[in-house]
Amino acid sequence: MRTTTIATILIAACLPIAACNTNEVAGKDTTASAPAPSTTTTSAPARTALDATAAFNEIAKAVPTTKLTQTVTAENDENHLLGRPGQYTSKIAFSDSRIKGNDAAMYKTGDVELGGSIEVFPDATSAKARATYIQTVTKGMPALAEYDYPVGTVVVRVSRYLTPTQASEYETAAKKLG
């Protein structure tokens, strides 16, 4: 008898606690007073990897004088870097209509001097290394100088024939990519 009494008391004590864990207590909906706890976490959606064409399209919105002129492939990459370990995974070339015809006369489609190029790397370290390499190689050769803007995995290379103010438009637009 004593065991039955103890069991009855325990059940009676637990019933109100169990009722609180349901959505209805005595016919009343309790969900409006407090949301159920969640075990999932929310975070910002992951940014999809940018390729050179997508980066160009974003930059072109801010620099209307630019025009896509070439998509670099493994077959037409004069640097032979596309897809190589630690090198760019995509590349495009663009022209800028502000470059004077006399300055552009001796160059061919795809040359940075006609406007620039965008190179996308597998990681930011590789992109920064590429920009540093270009600046190191061209430092003592004004005829090869250019503006280079590494932003995340992207390197935006801009022709020296643009003024610093004109080139800074590309820098400002590139910063919005990262």
Side-chain angles (χ1 to χ4, degrees), residues 39-178:
T39 58
T40 60
T41 58
T42 58
S43 61
R47 183 178 173 104
T48 55
L50 207 59
D51 70 2
T53 301
F56 172 79
N57 289 337
E58 289 302 310
I59 289 172
K61 292 175 186 175
V63 186
T65 55
T66 191
K67 178 183 173 192
L68 181 68
T69 57
Q70 181 184 41
T71 299
V72 175
T73 65
E75 291 75 31
N76 69 7
D77 182 12
E78 292 183 357
N79 294 323
H80 305 288
L81 298 176
L82 184 67
R84 303 310 195 276
Q87 301 302 320
Y88 45 82
T89 56
S90 65
K91 179 178 178 177
I92 61 89
F94 58 87
S95 63
D96 190 304
S97 62
R98 297 172 291 184
I99 295 175
K100 297 177 181 91
N102 291 343
D103 290 334
M106 62 191 232
Y107 299 104
K108 64 185 182 326
T109 299
D111 288 345
V112 170
E113 291 82 3
L114 296 177
S117 70
I118 298 173
E119 301 169 349
V120 178
F121 291 80
D123 55 65
T125 302
S126 298
K128 180 70 174 156
R130 172 72 168 159
T132 300
Y133 169 78
I134 294 167
Q135 288 298 304
T136 302
V137 169
T138 62
K139 186 175 185 176
M141 297 182 243
L144 298 178
E146 63 185 49
Y147 304 93
D148 297 309
Y149 306 114
V151 178
T153 60
V154 177
V155 176
V156 179
R157 301 174 60 190
V158 180
S159 175
R160 74 179 191 283
Y161 291 117
L162 293 173
T163 68
T165 300
Q166 292 169 331
S168 72
E169 294 174 22
Y170 287 96
E171 179 181 27
T172 299
K175 286 179 180 178
K176 294 178 182 175
L177 297 174

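- The ring-ring contact (aromatic ring centres under 6.0 Å, His included) contacts involving residues 146-178 comprise Phe94-Tyr170, where partners must be two or more places apart or lie in separate chains.
- A distance of 5.5 Å separates CG of Asn79 from CZ of Arg130, quoted to the nearest 0.5 Å.
- Among residues two or more places apart in sequence or in another chain, the side chain to side chain contact (heavy atoms under 4.5 Å, CB included) test is passed with Thr109 by Thr69, Gln70.
- Partners of Lys128 under the side chain to side chain contact (heavy atoms under 4.5 Å, CB included) rule, at least two apart in sequence or in another chain, are Thr132, Pro150.
- How far NZ of Lys67 is from OG of Ser97: 10.0 Å, rounded to the nearest 0.5 Å.
- Note that CG of Leu81 and OG1 of Thr89 are 12.0 Å apart. Values are rounded to the nearest 0.5 Å.
- In plain terms, the two heavy atoms of Leu162 and Ala167 that are nearest each other are CB-N, 4.3 Å.
- Using modelled atom types, one side-chain atom of Arg160 and one backbone atom of Ala143 make a donor-acceptor pair closer than 3.5 Å.
- Contacts of Thr163 classified as side chain to side chain contact (heavy atoms under 4.5 Å, CB included), with partners at least two apart in sequence or in another chain: Thr165, Gln166.
- Looking at residues two or more places apart in sequence or on another chain, you find a side chain to side chain contact (heavy atoms under 4.5 Å, CB included) between Ala60 and Phe56, Thr66.
- At distances below 3.5 Å, at least one donor-acceptor pair connects side-chain atoms of Gln135 with backbone N or O atoms of Glu146.
- Using modelled atom types, no side-chain atom of Asp111 and backbone atom of Glu113 make a donor-acceptor pair closer than 3.5 Å.
- Within the model, atoms CD of Glu119 and CZ of Arg157 stand 5.0 Å from one another, a figure rounded to the nearest 0.5 Å.
- Between Ile118 and Val154, some side-chain heavy-atom pair lies under the 4.5 Å cut-off.
- Residue Lys139 holds its NZ atom at 15.5 Å from CD1 of Ile134, rounded to the nearest 0.5 Å.
- The shortest heavy-atom contact between Val112 and Ser159 is O-CB, 3.2 Å.
- Between the side chain of Asp51 and the main chain of Ser90, no donor-acceptor pair closer than 3.5 Å is present.
- For the pair Leu177 and Glu58, the tightest heavy-atom approach, listed with the atom from each and the gap, is CD2-CB, 3.6 Å.
- Scanning all heavy atoms of the two residues, the minimum distance from Ile99 to Gly115 falls at CD1-N, 3.5 Å.
- Minimum heavy-atom separation, Ala104 to Leu114: CB-CD2, 3.3 Å.
- Checked against side chain to side chain donor-acceptor pair (under 3.5 Å), Arg98 has the following partners two or more places apart in sequence or in another chain: Thr65, Asp96, Glu169.
- Closest approach of Thr53 and Ile92 over heavy atoms only: OG1-CG2, 3.6 Å.
- Distance check: Leu68 CG to Ile59 CD1 gives 11.5 Å after rounding to the nearest 0.5 Å.
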* Would you sort out whether Lys176 and Lys61 count as a side chain to side chain contact (heavy atoms under 4.5 Å, CB included), showing the intermediate values? => CA-CA 11 Å; Lys176 294 178 182 175; Lys61 292 175 186 175; over 6 Å; no
